[in-house]
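Worksheet: one structure, shown below.
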Amino acid sequence: QVQLVESGGRLVQAGESLTLACTASGDTFSGYAMGWFRQAPGSEREFVAAVRWNEDAPHYANSVKDRFTVSRDNAKNTMYLQMHNLRPEDTAAYYCAQKVSPGSPYTDWGRGTQVTVSS
């Protein structure tokens, strides 16, 4: 059974950079895609970024495009989210999940890692 664990979240100041990691244990990354989502307190979970194993171009939410970069290292069973020029509105719990096939929902959600951006 695959388990996803997010790490790297912390308190940062606006304009700083931070890299999050999503590491799979119990199994290896496989399937169709891996995605990053975030959720602020009292808010709905929103899509941040995703990367498919069989294409070169990741997908990003407009709010993070050109600031965040998602990548995957299959050898390390880890997906990364490189975040630059962080803004207070990026404050949220960040989660990773996988999509095992094109028609499947995201699943195997991690517990999340908190990113707090102060102004």
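The figures here come from the full heavy-atom set of this structure, side chains too, leaving out hydrogens, waters and symmetry mates.
Rounded to the nearest 0.5 angstrom, Glu46 CD and Trp36 CH2 are separated by 14.5 Å.
Grouping the Ile, Leu, Val, Met, Phe, Trp and Tyr side chains by contacts below 4.5 angstrom, directly or via other members, places Tyr80 apart from Met34.
Taking all atoms of both residues into account, the shortest heavy-atom contact from Val70 to Pro58 is CG1-CB, 3.3 Å. Phe47 and Tyr60 get closest at one heavy-atom pair: CE2-C, 3.9 Å. Contact detail for Ala33 and Arg52: the closest heavy-atom pair is CB-CG, 3.8 Å. Val117 and Thr91 get closest at one heavy-atom pair: N-OG1, 2.9 Å.
The stretch residues 5-21 participates, sequence neighbours left out, in these side chain to side chain donor-acceptor pair (under 3.5 Å) pairs: Ser17-His84. For residues 110-119, the side chain to side chain donor-acceptor pair (under 3.5 Å) pairs, not counting sequence neighbours, are Gln114-Thr116. Screening residues 81-98 for salt bridge (Lys or Arg N to Asp or Glu O under 4.0 Å) gives Arg38-Asp90, Arg67-Asp90 as the qualifying pairs, with residues at least two apart or on separate chains. Among residue pairs with one or both ends in residues 96-119, those qualifying as ring-ring contact (aromatic ring centres under 6.0 Å, His included) are Phe37-Tyr106, Phe37-Trp109; sequence neighbours excluded. Screening residues 69-119 for disulfide bond (SG atoms under 2.5 Å apart), with sequence neighbours left out, gives Cys22-Cys96.
Shown here are the side chain to side chain contact (heavy atoms under 4.5 Å, CB included) partners of Thr107, two or more places apart in sequence or in another chain: Gln98. Applying the side chain to side chain contact (heavy atoms under 4.5 Å, CB included) criterion to Gln39, with sequence neighbours excluded, gives Arg45, Tyr95.
Taking Ile, Leu, Val, Met, Phe, Trp and Tyr as members and joining any whose side-chain heavy atoms lie under 4.5 Å apart, directly or through other members, Val5 forms no hydrophobic cluster with any other residue.
In this structure, Thr78 contributes its side chain and Thr23 its backbone to no donor-acceptor pair below 3.5 Å.
With respect to Leu81, the side chain to side chain contact (heavy atoms under 4.5 Å, CB included) criterion is satisfied by exactly one of Val51, Leu18, Leu20: Leu20.
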